[in-house]
Amino acid sequence: KSRVGSLKSRINLLFNWKILLLVIIILLGLYLRFYRIETSLKFGWDQARDSWKVRDILVKHQLVLNGPRTGIGHFHLGPLYYYLLTPFYFMTNLDPTAANYFNMLANMFNFIAIYLVTKKLFSQNLGLFAVALYASNNFMINYGKIPWNISLVPGVSFIIFYCLHNAMSGDHRFFAAALFWIGMFFNLHFSAVVFILIIPLTLIFVKDKKSAVTWCIKGLPLFLVWSVPVIIYNFQSYQHEYFRYKEFLEIYFLKFHFR
């Protein structure tokens, strides 16, 4: 009887109309983004840069340590995005449209992350509504078509928010998880710096500050491991990167000068 009951529960889960609706929403979102993508593909400077970097990894067998350059301050992000693209370029014999295959998986990741986080924090119905809104929003559709380093940002942002919510709710282990995902975010976009500012602010509202700080310290290696390649790169090009940091501080911090 227990086996029969288990089988029935699995069948019910398989044919759960809400799960079926989620699948339909995801397929619709992918259709709106990737139908005839070859005619609407935006292949600009960013995509050309990514293709050359992946070529260096596959053809020249270079260990690429620096990622995409930021618009603010012209720093380099981590190189994670290039290595995520590498298997797709390998399978397509360096065809630049290979980035679309990774971008499709990135969009699926975003759909699922948005659904699961919203479901966990609120309800399954709101999870379906949130992912449907994201899937059908014209602005997100246009941006979702572009294969670039920020493709994973929506999903990762939702996960970080979920981690910080749980950490503030009392489960301080999620501070370590949040730092892990923030470290990954620094490989995707410079706006990750905002989360570094949010972490100390969340500690203000935590009752057991000692436990929270302890888990933040435990999470630091998980954060820093993502930055090891770009840290090595910065040491190798210290003189060049120093002037970029100095220029950034002078422009964005009211012409503050170091003596």
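Within a 6.0 Å sphere centred on CE of Met140, heavy atoms belonging to other residues, nucleotides or ligands number more than 12. Other residues, nucleotides and ligands contribute more than 12 heavy atoms inside 6.0 Å of the CG atom of Asp208. For Phe34, the CZ atom sits in a packed shell: over 12 heavy atoms of surrounding residues, nucleotides or ligands are nearer than 6.0 Å. A 6.0 Å sphere centred on NZ of Lys120 holds no more than 12 heavy atoms belonging to other residues, nucleotides or ligands. Other residues, nucleotides and ligands contribute over 12 non-hydrogen atoms within 6.0 Å of the CZ atom of Phe109.
Between the Thr118 side chain and the Ile114 main chain, a donor and an acceptor come within less than 3.5 Å of each other. The backbone N or O of Ser151 sits less than 3.5 Å from a side-chain atom of Asn110, completing a donor-acceptor pair.
Taking Ile, Leu, Val, Met, Phe, Trp and Tyr as members and joining any whose side-chain heavy atoms lie under 4.5 Å apart, directly or through other members, the hydrophobic cluster of Val23 also contains Leu27. Listed by chain and number, the hydrophobic cluster partners of Trp45 come to none, as no ILVMFWY side chain reaches under 4.5 Å of it. In the hydrophobic clustering, where aliphatic and aromatic side chains (Ile, Leu, Val, Met, Phe, Trp, Tyr) are joined below 4.5 Å either directly or transitively, Met168 groups with Leu201, Ile204, Phe205.
What you find for Gly144 and Asn103 is that their closest heavy atoms are O-ND2, 2.7 Å. Nearest approach of Ala135 to Leu32, heavy atoms of both residues: O-CD1, 3.8 Å. Minimum heavy-atom separation, Val230 to His76: CG2-O, 3.4 Å. Nearest approach of Ala212 to Leu203, heavy atoms of both residues: CB-CD2, 3.6 Å. When all heavy atoms are compared, the tightest approach of Thr202 to Val206 is O-CG2, 3.3 Å. The minimum heavy-atom distance linking Tyr83 with Gln62 is given by the pair OH-O, 4.4 Å.
Both Tyr81 and Leu63 belong to a single network of hydrophobic side chains, linked directly or stepwise wherever heavy atoms of I, L, V, M, F, W or Y lie under 4.5 Å apart. Both Ile141 and Tyr31 belong to a single network of hydrophobic side chains, linked directly or stepwise wherever heavy atoms of I, L, V, M, F, W or Y lie under 4.5 Å apart. Each of Leu222 and Leu220 belongs to its own hydrophobic cluster when Ile, Leu, Val, Met, Phe, Trp and Tyr are linked at side-chain heavy-atom distances under 4.5 angstrom.
Under the ring-ring contact (aromatic ring centres under 6.0 Å, His included) criterion, Tyr82 pairs with no residue at all, not counting sequence neighbours. Judged as a side-chain hydrogen bond (donor to acceptor under 3.5 Å, both in side chains), and not counting sequence neighbours, the contacts of Asp95 are Thr97. In this structure, Asn142 has no side-chain hydrogen bond (donor to acceptor under 3.5 Å, both in side chains) partners at least two apart in sequence or on a different chain. Residues passing the side-chain hydrogen bond (donor to acceptor under 3.5 Å, both in side chains) test with Ser211 are His172, sequence neighbours excluded. Not counting sequence neighbours, the partners of Arg173 by the side-chain hydrogen bond (donor to acceptor under 3.5 Å, both in side chains) test are Asp171. With sequence neighbours excluded, the residues that form a salt bridge (Lys or Arg N to Asp or Glu O under 4.0 Å) with Asp46 are Arg49.
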Donor-acceptor contacts, no H, no angles, side chain residues 121-133, under 3.5 Å, sequence neighbours left out:
unit_1 : atom_1 : unit_2 : atom_2 : d
Ser123 : OG     : Leu126 : N      : 3.3
Gln124 : NE2    : Tyr115 : OH     : 2.9
Asn125 : OD1    : Lys18  : NZ     : 3.0

Donor-acceptor list for residues 51-59 side chains, cut-off 3.5 Å, not counting sequence neighbours:
unit_1 : atom_1 : unit_2 : atom_2 : d
Ser51  : OG     : Gln47  : O      : 3.0
Ser51  : OG     : Tyr89  : OH     : 2.9

Donor-acceptor list for residues 175-191 side chains, cut-off 3.5 Å, not counting sequence neighbours:
unit_1 : atom_1 : unit_2 : atom_2 : d
Asn187 : OD1    : Leu80  : N      : 3.1
Asn187 : ND2    : Gly183 : O      : 3.3
His189 : ND1    : Ser191 : N      : 3.0
His189 : ND1    : Ser191 : OG     : 2.9

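No side-chain heavy atom of Ile231 sits under 4.5 Å from any side-chain heavy atom of Leu65. Counting only heavy atoms from C-beta outward, the side chains of Met104 and Leu30 approach each other to under 4.5 Å.
A ring-centre distance under 6.0 Å is not found for Phe158 and Tyr162.
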